[in-house]
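What follows is a single structure, written as structure tokens, with notes after it.
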Amino acid sequence: MNFFDQVYNLTKKIPAGRVASYGQLAALISTPRAARIVGWCLHQMDTDADIPWHRVINSKGYITTTCEDHSADVQAKLLRKEGVKVSRKDELWWVDMKKFQLNPKLKVVS
DNA sequence: AAGGTGACTAACA
DNA sequence: ATGTTAGCCACCT
């Protein structure tokens with residue numbers, strides 16, 4: 001199983017109504033510094049894959065997608081549909097990580 | 001086979 | 001406190 005598959009697998013486990021950061025996912029796959037790869041992975045992923053890609057955002061809570069199919073607007077909409085509070089901040093969509101981050105305690109590492 | 005590319009981050013100035 | 005910089009590492013060309 002390659003890294004991408006692990007990312008996909010893990011992403012699927014994120015429950016609706018919660019979000020995780022790229023770095024957090026990387027840490028859970030035991031490669032704490034691979035945050036960028038996680039992002040790239042989701043960027044490259046098949047659009048039809050059954051993966052809740054929208055539940056993954058950056059460590060500060062901002063939505064920074066650059067995909068056209070998976071735009072930040074779409075992502076924000078999907079999250080709100082699941083009960084995650086998304087607001088406008090600095091021209092970007094933002095969610096409160098303190099409230100919605102998946103298992104914050106796991107973000108130890110380092 | 002080697003170097004480039006990120007939906008990132010933490011450390012610094 | 002805010003903006004920049006430099007590591008990060010699996011995959012692609």
Whole-Å distance separating the [atom1] atom of [X] from the [atom2] atom of [N]:
{"X": "A/Tyr62", "N": "B/dT9", "atom1": "OH", "atom2": "P", "result": "13 Å"}
{"X": "A/Leu42", "N": "B/dA7", "atom1": "CG", "atom2": "P", "result": "11 Å"}
{"X": "A/Leu92", "N": "B/dC8", "atom1": "CG", "atom2": "P", "result": "11 Å"}
{"X": "A/His43", "N": "C/dC11", "atom1": "NE2", "atom2": "P", "result": "16 Å"}
{"X": "A/Asp73", "N": "B/dA7", "atom1": "CG", "atom2": "P", "result": "17 Å"}
{"X": "A/Gln44", "N": "C/dA10", "atom1": "CD", "atom2": "P", "result": "16 Å"}
{"X": "A/Trp40", "N": "B/dT5", "atom1": "CH2", "atom2": "P", "result": "11 Å"}
{"X": "A/Ile29", "N": "C/dC11", "atom1": "CD1", "atom2": "P", "result": "11 Å"}

Q. Using a cut-off of 4.0 Å between protein heavy atoms and nucleotide atoms, how would you tag nucleotides 1-9 of chain C 5' to 3' with B, S and -?
A. ------BBB
Q | Salt bridge flag under 4.0 Å for residues A/Glu82 and A/Arg55 | A |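 A salt bridge is present here (some side-chain N lies under 4.0 Å from a carboxylate O).
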Q. Which distance, rounded to the nearest 0.5 Å, do you find between the OH of A/Tyr22 and the OG1 of A/Thr11?
A.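 A/Tyr22 atom OH to A/Thr11 atom OG1 measures 10.0 Å (nearest 0.5 Å).
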Q | Value rounded to 0.5 Å, distance of CD in A/Gln6 from OG in A/Ser30 | A |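 Taking CD in A/Gln6 and OG in A/Ser30, the distance rounds to 6.5 Å.
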Q: Could you list by number each residue of residues 64-72 of chain A showing a heavy-atom separation from DNA chain C of less than 4.0 Å, or answer none if no residue does?
A: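 Heavy-atom contacts with DNA chain C come from no residue of residues 64-72 of chain A; none.
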Donor-acceptor check, side chain of [X] to backbone of [Y], threshold 3.5 angstrom: yes or no?
{"X": "A/Asp96", "Y": "A/Lys98", "value": "yes"}
{"X": "A/Gln75", "Y": "A/His54", "value": "yes"}
{"X": "A/Thr31", "Y": "A/Ala34", "value": "no"}

Q) Relative to each other, are the rings of A/Phe4 and A/Trp40 parallel, tilted or perpendicular (30° and 60° limits)? A)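 Taking A/Trp40 first and then A/Phe4, their aromatic rings stand perpendicular (interplane angle over 60°).
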Q. Base, sugar-phosphate, or nothing: which does A/Phe3 touch, judged by heavy atoms less than 4.0 Å apart?
A.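 The residue A/Phe3 makes sugar-phosphate contact but no base contact.
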Q.
Using side-chain heavy atoms (C-beta onward) and a distance below 4.5 Å, is A/Leu79 in contact with A/Ile63?
A.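 Sidechains of A/Ile63 and A/Leu79: in contact.
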Q. Knowing that exactly one of A/Asn58, A/Ile57, A/Leu102 qualifies, which makes a side chain to side chain contact (heavy atoms under 4.5 Å, CB included) with A/Met97?
A.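 Of the listed options, the one satisfying the test is A/Ile57.
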